[in-house]
Amino acid sequence: MSRYDPAQSEPKWQQAWDAAGCFAARHDPSRPKYYVLEMFPYPSGRIHIGHVRNYTMGDVVARYKSSCGFSVLHPMGWDAFGMPAENAAMERGGHPKDWTYGNIAVMRDQMKPLGLSIDWSREFATCDPEYYGQQQSMFIDFMEKGLVYRKAAVVNWDPVDMTVLANEQVIDGRGWRSGAEVERRELTQWFFKISDFAGELLEAIEGLTHWPEKVRLMQANWIGKSRGLQMGWALTAPHAGTDRIEVYTTRPDTLMGASFLGISPDHPLARALEAERADVAAFCAEARKGGTTEEAIETAEKLGFDTGLKVRHPLDPTWEIPVWIANFILMDYGTGAIFGCPGHDQRDHDFCVKYGLPIVDTFLPAGGSWDIGAEPYVPQKSETVRYTRGFAGAEVQTGEEAVDAAIAHAEANGYGTGVTKYRLRDWGLSRQRYWGCPIPVVHCESCGVVPEKKENLPVRLPDDVSFDKPGNPLDRHPTWRDVSCPVCRGPAKRETDTMDTFVDSSWYFARFTAPHARTPTDLAEAGYWMNVDQYIGGIEHAILHLLYSRFFARAMHVCGHLPAKSVEPFNALFTQGMVTHETYSTRGKDGRPVWHTPDEVTRTADGATLADGTAVEIGPVIKMSKSKKNVVDPMDIIARYGADTARWFVMSDSPPERDVEWTASGAEATQKHLARVWRLAAEIEVRGGTDTREDAALLKAMHRTVADVTAGIEGFAFNKAVAKLYEFTNTFAKSDASAAAKTEAMLTLAKLMSPMVPHLAEEVWAMLGGAGLATTAPWPKADPAMLVEDRVTLPIQINGKRRAEISVPKDMAASEVEKIVLADDAVNKALDGATPKKLIVVPGRIVNVVI
RNA sequence: GCCCGAGUGGCGGAAUGGUAGACGCAGCGGAUUCAAAAUCCGCCGCCGCAAGGCGUGUCGGUUCGAGUCCGACCUCGGGCACCA
C-alpha cells in the first residue's frame, strides 16, 4: 500500500477483531467490569448522522476502558415497537413486523462497517417474542406486587375515525387524518404505580452525582413535591349525592381571596349536572375539545360555566362562593377541583376578569401597594409580604411561613389537613395499538381480570392482521381475542391494549446482561455487569425514559429480578446534543406542509428549490426527525471516505453535549488528516534525524499529549482530545527526532487515536511493528516528570488590559517578578514617572499594574 | 403557558475569575509542477496607513481583572406524561 486505503484496510481489521474475539463481553470476576451503553435506536429505516455520533462516543469510551484493563460490556439492540411501523403498514401496505425486521437488517448492515466495538452476540429487538414474553412475565410479577392497576384516564379521541390519537397525531387540535376536532375522552386504562416511589425517586436524585445537573433538576421538578392543604367545601345544598367538594391547594394562605370554586368537566358533580341539564352538557362537550397535552390545556382559551351551585367558605359560613366548571381543570390532576384566587394567580385573574368575578387581595408587597384589579401580585413564596386578609400567623411574613400557619390553622379548626403531594402521575401504559407488547391479561365473564399463566407466555401478536381501517386490529381479531379463562376455562376475552413502548426501553439495559436467559434476568450476570457505568443518550430523554427506567429498576428489584445495588441502574449519564438540520417544506393541495429531505433540496444564495425549480420554504434548525425529513444519510460519507473519517469527523469540533448542525463540508479535510498521519508513519525511516535534543522535545510533547487526550476522553471532551491529537501531529511533522524516537511517538499517537479511528490505528501499529493489535494494547501512561514546565510566560496587564509579557522561571518569588515588571519598558511608559496604585502578582499566572 | 438549556471571528469551537479566539474548516498569499492534483510554508476577529481603539446576544452590577459571578431582558433549542 503506497497510500492509506480505508476501503481495503477497514474490513481487514474488522475481521481481525472478530477472529480475536476482541469485543465479546467476558464475565471475568478477576477483572473490574465496565458497562457502557448508548440508548438503543428505533429502527426507522436507515442510520443517520446522529446515530454515528452517539455510537462513536460510546465506542470511544468502550475501547478506552478496555485498554485500561476493564472487562467491557458494550451491547446493541433495537427499540423496535412503535407507531411508525403501523403507519408504514397503513401507507404502503405490508406488515409492521416485516417493515421493522427489514429496517433492523438494513441498519445493522450500516452499523457494522463503522467498526464499533460491540458484542453483537447479545443483540435483540424488543419486538422479539423472547424479549416481550419476559416483559409480560414481569408485568404479571408487578400485578402480584400491587404495582399495576386500572383506572379511567383521558385520551385524544378522533370522533370521525373513532380512534385514539397520539399527541403527535393531533395538529392544531385536529386529527391528522380526519381533520376532525379532537376531544378528550375517558377510557379505562392500565397504570403502573410509579407514584408509590415518588418520594424515593426524588430523594435518590441526590445520589446521582455523575448525572448532569440539568437532568437532575428536570427530574426533581417533574416529580414536583409540594406541601399543601386538602379541604372540603360544603355545598349550600347537596346535589346528586354530593355534599362537599374536595380541593387541594398549595396556597392555603390565600383562602380569603377565593372568588370561585372550579371543577373539571369530568368531576362527578359535573357529570351529574351534565346528565340533567342540556346547557351543562353543551358546555362540557365544548370544554372537552382539544388535545390532552399540558401545553394544549395551558395555552387553550380558558372557558368557564357557572353551575349556579354554591359552596360555603370554610372560614365564614355566611360567605357563599359560586361553583364553576372550567376547561383547564383536569380530573387526572389532584382532586379535579380548585379554588380560584385571582389576586395571586395569573390564570385565575384572567378567568375572573373574563367572567366578572370579584378580585381581592390577601397580601400586598411588605412596604408598598399593588393594583390587584389590573394585575395579580405573584411574588416568590420566600418573599416577605404583608397580609391584608390573613387569618393565621403574623401580618408580615413570608409566603412559606403563611402557608405553614394556614395549614396549622386548618388542622386546629378541623376544616382541612396538611398533605404532601407530588406532581408525578401514575404511568399510563395502555395503548390502543397493535405493534406493541400485548398486556398478558384476560377478561373473564365470571372471574374478572385474570393474568395469563406464565407457562402460556409469550402472548404473541397475531400475524394475520390488516391496517386498512383505523383502530386497533387486535380489537377486531376474534380468533385471537376470544379465549378461555386461565382460571375457570369459561369464555373470556384477551386484553387488546398493548404496552407503551417506554416499557420496552425501561429494562433492556438489564436484559443485555443475560440476553438469552429464560427469566427476565439472570441474577449472577446482572450482579456482575450491573450497573451501567456510563449511559449515553439524547437530552430529549432527560425526563420520561430515565425516570421510567429508574422506576422499573426498583420494581424489578421488588420482584427479585435485579439486585438492590441496581435500583439506580445508571451510575453515570452523559446527554449528548442532538444533530440538527434546517427543515424544508412546500405546501400540499390541502395547504398542509409537505416535507423534503436535504438531498432533494438545492440551497441557493437567496433560498432553496427542488430539482424541478419549485421554491422551498426553509424552516427552523431542529433535531433531525423522520417526520420532518431533515435527516442526513451518513452512508455516502462512509462509502466515499471510510468509517474512520466519519468517526473522526463527528468527534471533532463540536463539544459532545452540544447540538451540532450538520454541514457536509469538512469530511474531505478529515480524510486528508488521516492520510497525513499514515504518511508520517510510513516516512519515519527515510526522514529520521539524529538530534537527541529533538528526541527529548518530541517525547516531552508526547507525554503532554497522553495526559491531555486521556483527560479529554475521561471528561467527555472528545473535541478537545481531537484538537490535542492534531497539535501533536503537527509537532511530530516538524520534528527532526531520531527514527527510534519517532517510532515510539507514532506508536503512542496511533494508540491515542485508536478509540476514534481504530482501523487507521491498527494499520499504523502494524506498519511500525507494534506488538499484537492496537485495539488490545494497554493505554499509555504519561510520565509526570515529563509534564513539568520550568519557565512560564506572564502577561502584564495595565489597568486590566494586556500590554506586555515576560518569561520567568515557574517558581520565581512575587517580589522578584515585581522588580522585573517595574523595569519593563511598557510599564514605565504607562507609569510616566508615577508610582502604581497597586501591583497584583498572581504567581505563575498574571501581573496587573493598577495606575 | 410551565420546567430545563444554549448564545464567542465567515463557520464548528477553545479559554481553574487572570494573554479572548487553542485546534479544525473556509478564505487569501507563496513554494513545488509544463500544468493540475497531491503536498509543503505563511497570513487570517473588526475598524484604522499607523499609533491605537472596539470586541464573547442586550442592558446594568460585583471585581485590580468578567466569555466565566450576580440581576433584568432578547433570541434559539429540548421536554411537557400516546413521537421515540
Side-chain angles (χ1 to χ4, degrees), chain A residues 3 39 41-42 44 79 81-84 153 155-156 164-170 189 194 212-215 217-222 224 291-300 328 332 346-347 423-433 500-502 504-505 538-545 547-548 575 577-578 580 620-623 625-627 652-655 657-661 663 665-666 668-670 672-673 675-676 679 717 719-720 722-727 730 733 793-797 799-805 836-840 842 844-850:
Chain A
R3 44 181 266 202
M39 291 180 186
Y42 179 78
S44 54
D79 189 13
F81 276 134
M83 292 202 309
V155 294
N156 300 305
V164 177
L165 298 179
N167 287 332
E168 74 160 5
Q169 296 172 325
V170 179
Q189 309 207 66
I194 190 172
E213 188 54 36
K214 62 180 168 182
V215 175
L217 239 182
M218 280 191 264
Q219 292 227 347
N221 289 342
W222 185 263
T292 57
T293 66
E294 194 169 305
E295 185 192 3
I297 290 158
E298 290 286 329
T299 54
F328 54 85
D332 290 15
Q346 186 67 52
R347 185 185 62 189
R423 203 184 79 98
L424 179 67
R425 309 199 304 263
D426 277 332
W427 174 5
L429 67 118
S430 287
R431 296 293 179 271
Q432 293 72 42
R433 275 182 251 293
D500 178 6
T501 56
F502 273 124
D504 312 336
S505 56
I539 185 67
E540 68 271 27
H541 294 296
I543 295 173
L544 292 179
H545 162 62
L547 191 61
Y548 289 156
T575 54
M578 283 168 296
T580 59
V621 176
I622 56 171
K623 77 165 167 167
S625 82
K626 270 218 101 177
S627 61
S652 58
D653 293 348
S654 284
E657 68 277 13
R658 214 114 113 207
D659 287 355
V660 56
E661 187 186 354
T663 54
S665 65
E668 188 93 33
T670 298
K672 282 183 191 172
H673 174 72
R676 181 177 185 227
R679 208 171 46 246
N719 57 322
K720 285 187 252 174
V722 166
K724 296 296 179 187
L725 290 166
Y726 269 114
E727 224 163 51
N730 290 335
T793 301
L794 285 188
I796 300 173
Q797 292 184 333
N799 287 341
K801 290 193 188 280
R802 196 190 77 91
R803 294 296 183 208
E805 62 181 37
K837 277 189 197 155
K838 211 169 180 182
L839 188 56
I840 295 154
V842 185
R845 302 237 46 128
I846 203 165
V847 179
N848 193 8
V849 185
V850 184

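Below, chains carry the letters A, B, ... as their sequence lines are ordered, and counting in each starts from 1.
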So which nucleotide from [options] ends up closest to the side chain of [X]?
{"X": "A:Arg802", "options": "B:rG1, B:rC4, B:rU19", "result": "B:rU19"}
{"X": "A:Ile539", "options": "B:rG78, B:rC23, B:rA81", "result": "B:rG78"}
{"X": "A:His541", "options": "B:rA84, B:rG12, B:rG18", "result": "B:rA84"}
{"X": "A:Tyr548", "options": "B:rA81, B:rG13, B:rA20", "result": "B:rA81"}
{"X": "A:Asn719", "options": "B:rC23, B:rG13, B:rG18", "result": "B:rG13"}
{"X": "A:Leu217", "options": "B:rG5, B:rG24, B:rC54", "result": "B:rG5"}
{"X": "A:Arg658", "options": "B:rG12, B:rU19, B:rA6", "result": "B:rA6"}
{"X": "A:Lys672", "options": "B:rU19, B:rC83, B:rA38", "result": "B:rA38"}
{"X": "A:Glu168", "options": "B:rG1, B:rA84, B:rC83", "result": "B:rC83"}
{"X": "A:Asn167", "options": "B:rG5, B:rC83, B:rU19", "result": "B:rC83"}

Quick one: is [X] getting a side-chain N or O under 4.0 Å of the [N] phosphate, OP1 or OP2?
{"X": "A:Lys838", "N": "B:rC64", "value": "yes"}
{"X": "A:Asn221", "N": "B:rC80", "value": "no"}
{"X": "A:Lys720", "N": "B:rA15", "value": "yes"}
{"X": "A:Thr293", "N": "B:rC80", "value": "no"}

Touch class at under 4.0 angstrom, heavy-atom based, for [X] against every strand present:
{"X": "A:Pro41", "value": "nothing"}
{"X": "A:Trp427", "value": "nothing"}
{"X": "A:Ala542", "value": "nothing"}
{"X": "A:Gln432", "value": "base"}
{"X": "A:Val849", "value": "nothing"}

What is the separation between atom [atom1] on [X] and atom [atom2] on [N], rounded to the nearest whole Å?
{"X": "A:Asp653", "N": "B:rA22", "atom1": "CG", "atom2": "P", "result": "13 Å"}
{"X": "A:Glu213", "N": "B:rG78", "atom1": "CD", "atom2": "P", "result": "22 Å"}
{"X": "A:Gln219", "N": "B:rG5", "atom1": "CD", "atom2": "P", "result": "14 Å"}
{"X": "A:Met39", "N": "B:rG78", "atom1": "CE", "atom2": "P", "result": "16 Å"}
{"X": "A:Arg676", "N": "B:rC23", "atom1": "CZ", "atom2": "P", "result": "13 Å"}
{"X": "A:Lys214", "N": "B:rC4", "atom1": "NZ", "atom2": "P", "result": "13 Å"}
{"X": "A:His673", "N": "B:rG12", "atom1": "NE2", "atom2": "P", "result": "22 Å"}
{"X": "A:Gln346", "N": "B:rC2", "atom1": "CD", "atom2": "P", "result": "9 Å"}

Euclidean distance for [atom1], [N] against [M] (whole angstrom):
{"N": "B:rA14", "M": "B:rC83", "atom1": "C1'", "answer": "36 Å"}
{"N": "B:rU63", "M": "B:rC70", "atom1": "P", "answer": "16 Å"}
{"N": "B:rG12", "M": "B:rA26", "atom1": "P", "answer": "15 Å"}
{"N": "B:rC49", "M": "B:rA15", "atom1": "P", "answer": "35 Å"}
{"N": "B:rG10", "M": "B:rG5", "atom1": "C1'", "answer": "27 Å"}
{"N": "B:rA66", "M": "B:rG53", "atom1": "P", "answer": "16 Å"}
{"N": "B:rU75", "M": "B:rU58", "atom1": "P", "answer": "15 Å"}
{"N": "B:rG24", "M": "B:rC69", "atom1": "C1'", "answer": "31 Å"}

- Query: Would you call A:Arg423 and A:Glu294 a salt bridge, using N to O less than 4.0 angstrom?
  - Reply: yes
- Item | Partners meeting side chain to side chain contact (heavy atoms under 4.5 Å, CB included) with A:Thr501 (sequence neighbours left out) |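 For A:Thr501 the side chain to side chain contact (heavy atoms under 4.5 Å, CB included) partners, ignoring immediate neighbours, are A:Phe81, A:Asp504.
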Would you say the base of [N] and the side-chain of [X] have a donor-acceptor pair closer than 3.5 Å?
{"X": "A:Asn848", "N": "B:rC64", "answer": "yes"}
{"X": "A:Arg845", "N": "B:rU19", "answer": "no"}
{"X": "A:Glu295", "N": "B:rC80", "answer": "yes"}

- Note, A:Val215 side chain near A:Ile539 side chain (heavy atom, < 4.5 Å):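 SC-SC contact between A:Val215 and A:Ile539 confirmed.
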- Is A:Leu429 close to A:Phe502 at the side-chain level, that is, under 4.5 Å between some pair of heavy atoms?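 Of all side-chain heavy-atom pairs linking A:Leu429 with A:Phe502, none is under 4.5 Å.
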- Heavy-atom protein contacts under 4.0 Å, nucleotides 42-48 of chain B, coded B base, S sugar-phosphate only, - none: -------
- Just need the stems in RNA chain B: three or more back-to-back Watson-Crick or G-U pairs, each with both distances under 3.5 angstrom, sorted by first number.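 Consecutive-pair runs (3 or more) involving RNA chain B: B:1-7 with B:74-80, B:10-12 with B:23-25, B:27-31 with B:39-43, B:45-47 with B:52-54, B:57-61 with B:69-73.
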- Task: For B:rG9, decide between syn and anti, treating a glycosidic angle within 90° of 0 as syn.
- Result: syn
- Considering non-hydrogen atoms only, spot the tightest contact between A:Ala153 and A:Gln189 and give its length.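 Looking at all heavy atoms of both residues, the shortest contact is O-NE2, 3.6 Å.
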